Amino acid sequence: IALLSKKENKDFWKILKENLLLCKKALMLRHNRLLGTKSDVAPILWQHGALARLKPGEVIDPLLFGDNSSISLGYAGLWETVYCLTEGETLLTEKGKALGLSIMKYLSDTCEEWKKETNIGFSLYGSPIESTTYKFAKAIKRDFDFTPGVNDKNYVTNSYHITPSQYINAFDKLSIESEFQKLSLGGAISYIETPNMTKNIPALLEVIKHIY
């Protein structure tokens, strides 16, 4: 979306909104496909108490609304998006981080709007979509001009992550990413890379304390 807005000289937010409506349509297809499903398809889940105690032959429809189920809006490439729109700022700079957080808030707020409108649990999900990020990278290399820092890799950075090529210590990475994680209410993952810590348990405990 960022590359498209640059290429066609169009407003990023307008294109984002249009694509989110397409996402909503796709997610509603998934939801509607489940309507009319009988509890018999998974007795342990729907009849024996794992999720509910419905009667045989009873449909699960009421449990597809309210807080009983959720639909996830996934996202990837926030790092590249910010870099592209600002022509060089990143999630590690003040300007870049502010833009990144505003995009995340827009996505999160959109999910809340859909939730109020439909009574379905829409939520924003920062997923580790490894195969998809490679497909995205292949597509933006094919469809757009070479843009250093954006489509010059064989992957698109997962969710809100600081891209792996950045030199940053574990504590700073976790702190910065935690600000974005707060807006990814449907699920999130952060990771750090460390040497073997089996003989350095105090250091491992410091990492855990920092996360808390």
Side-chain angles (χ1 to χ4, degrees), residues 1-24 27 72-115 122-130 132-141 143-192 210-211:
I1 294 170
L3 284 165
L4 189 63
S5 71
K6 288 280 188 180
K7 181 179 180 179
E8 299 186 356
N9 197 27
K10 292 182 179 178
D11 181 55
F12 167 80
W13 298 98
K14 183 176 183 291
I15 303 175
L16 179 60
K17 185 176 182 179
E18 291 169 355
N19 278 268
L20 283 172
L21 291 174
L22 183 62
C23 290
K24 182 188 178 187
L27 291 171
S72 299
L73 174 68
Y75 62 97
L78 186 65
W79 179 276
E80 288 80 10
T81 299
V82 167
Y83 194 90
C84 179
L85 292 175
T86 61
E87 298 182 347
E89 300 283 346
T90 74
L91 300 180
L92 299 176
T93 66
E94 190 175 333
K95 182 181 176 181
K97 186 166 83 167
L99 176 59
L101 287 169
S102 68
I103 293 171
M104 285 287 295
K105 187 174 188 308
Y106 185 82
L107 295 175
S108 181
D109 289 348
T110 298
C111 285
E112 284 301 309
E113 287 175 19
W114 293 347
K115 189 174 182 179
F122 285 96
S123 57
L124 191 61
Y125 180 40
S127 55
I129 46 177
E130 300 298 347
T132 306
T133 62
Y134 286 100
K135 287 180 182 177
F136 284 173
K138 192 175 179 180
I140 61 176
K141 278 185 176 182
D143 297 338
F144 298 97
D145 292 337
F146 178 77
T147 307
V150 180
N151 62 353
D152 57 349
K153 305 183 295 295
N154 291 323
Y155 62 89
V156 171
T157 307
N158 274 336
S159 57
Y160 53 76
H161 288 174
I162 295 166
T163 202
S165 62
Q166 295 298 299
Y167 184 80
I168 185 171
N169 71 69
F171 299 100
D172 287 343
K173 184 177 191 292
L174 290 167
S175 293
I176 293 167
E177 290 185 352
S178 73
E179 296 183 53
F180 295 89
Q181 194 175 95
K182 290 172 186 174
L183 293 165
S184 198
L185 298 177
I189 181 173
S190 281
Y191 71 92
I192 57 170
H210 185 77
I211 292 170

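For clarity, every value in this text was computed on a predicted model and none was experimentally measured.
Distance CZ/Phe180 to OG/Ser108: 13.5 Å, rounded to 0.5 Å. Leu85 CG to Glu80 CD: the interatomic distance, rounded to the nearest 0.5 Å, is 11.5 Å. Taking CE of Met104 as the start and CG of Asp109 as the end, the distance is 11.0 Å to the nearest 0.5 Å. To the nearest 0.5 Å, atoms CG (Asp11) and CG (Leu16) are separated by 9.5 Å. We find the CG-SG distance between Leu183 and Cys111 to be 11.0 Å, quoted to the nearest 0.5 Å. Here the straight-line distance linking atom CD1 of Ile192 with atom CD1 of Ile168 works out to 11.5 Å at 0.5 Å rounding.
Within the 4.5 Å cutoff, the side chain of Phe122 has no heavy atoms near those of the Glu113 side chain. Leu78 is not listed as a side-chain neighbour of Thr157, based on a closest heavy-atom distance of 4.5 Å or more. No side-chain heavy atom of Trp114 sits less than 4.5 Å from a side-chain heavy atom of Ser123. Lys17 places none of its side-chain heavy atoms less than 4.5 Å from the side chain of Thr110. Between Trp13 and Ser5 there is no side-chain heavy-atom pair separated by less than 4.5 Å. In this structure the side chain of Val82 never reaches within 4.5 angstrom of the side chain of Thr90, judged on heavy atoms. Between Phe12 and Leu99, every side-chain heavy-atom pair lies at or beyond the 4.5 Å cut-off. The closest side-chain heavy-atom distance from Tyr75 to Ser159 is below 4.5 Å.
The two residues Asn151 and Phe144 have their closest heavy-atom pair at ND2-O, 3.6 Å. Ala2 approaches Thr81 most closely through the heavy-atom pair CB-CG2, 3.8 Å. The two atoms that bring Gln181 and Ile189 nearest to each other are NE2-C, 4.4 Å, heavy atoms only. Across Leu91 and Lys97, no two heavy atoms sit closer than the pair O-CB, 3.5 Å. Ser178 and Ser175 get closest at one heavy-atom pair: OG-O, 2.6 Å.
Atom CD of Glu8 has more than 12 heavy atoms from other residues, nucleotides or ligands within 6.0 Å.
No donor-acceptor distance shorter than 3.5 angstrom exists from the side chain of Thr147 to the backbone of Val150, with no hydrogens or angles considered. In this structure a side-chain-to-backbone donor-acceptor pair under 3.5 Å is present from Glu177 to Ile162. The closest donor-acceptor contact from the side chain of Ser184 to the backbone of Gly126 lies under 3.5 Å. The closest donor-acceptor contact from the side chain of Asp172 to the backbone of Asn169 lies at 3.5 Å or more, if one exists at all. Using a distance-only test at 3.5 Å, with no hydrogens or angles considered, a donor-acceptor pair links the side chain of Asn19 to the main chain of Ile15.
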Please assess Lys10 against Lys14 for the test side chain to side chain contact (heavy atoms under 4.5 Å, CB included), listing each intermediate value before the final yes or no.
CA-CA 8 Å; Lys10 292 182 179 178; Lys14 183 176 183 291; over 6 Å; no
Steps toward ring pair (Phe, Tyr, Trp, His ring centres under 6.0 Å) verdict (His161, Tyr191)
CA-CA 9 Å; His161 288 174; Tyr191 71 92; 5.2 Å; yes
Let's go through Leu124 and Leu73 carefully: what are the C-alpha distance in whole Å and the side-chain angles of both, what is the deciding distance for side chain to side chain contact (heavy atoms under 4.5 Å, CB included) to 0.1 Å, and is it a yes or a no?
CA-CA 5 Å; Leu124 191 61; Leu73 174 68; 4.0 Å; yes
Just do the side chain to side chain contact (heavy atoms under 4.5 Å, CB included) check on Leu174 and Ile211 with the steps written out, would you?
CA-CA 7 Å; Leu174 290 167; Ile211 292 170; 3.8 Å; yes
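Inspection of the Glu89 and Tyr83 side chains reveals no N or O donor paired with an N or O acceptor under 3.5 Å. Side-chain polar atoms of Tyr160 and Ser190 form a donor-acceptor pair below 3.5 angstrom. Side-chain contact, Asn154 with Lys141: a donor N or O sits under 3.5 Å from an acceptor N or O.
Between Lys6 and Glu87 there is a salt bridge, since at least one side-chain N of the basic residue sits less than 4.0 Å from a carboxylate O of the acidic one.
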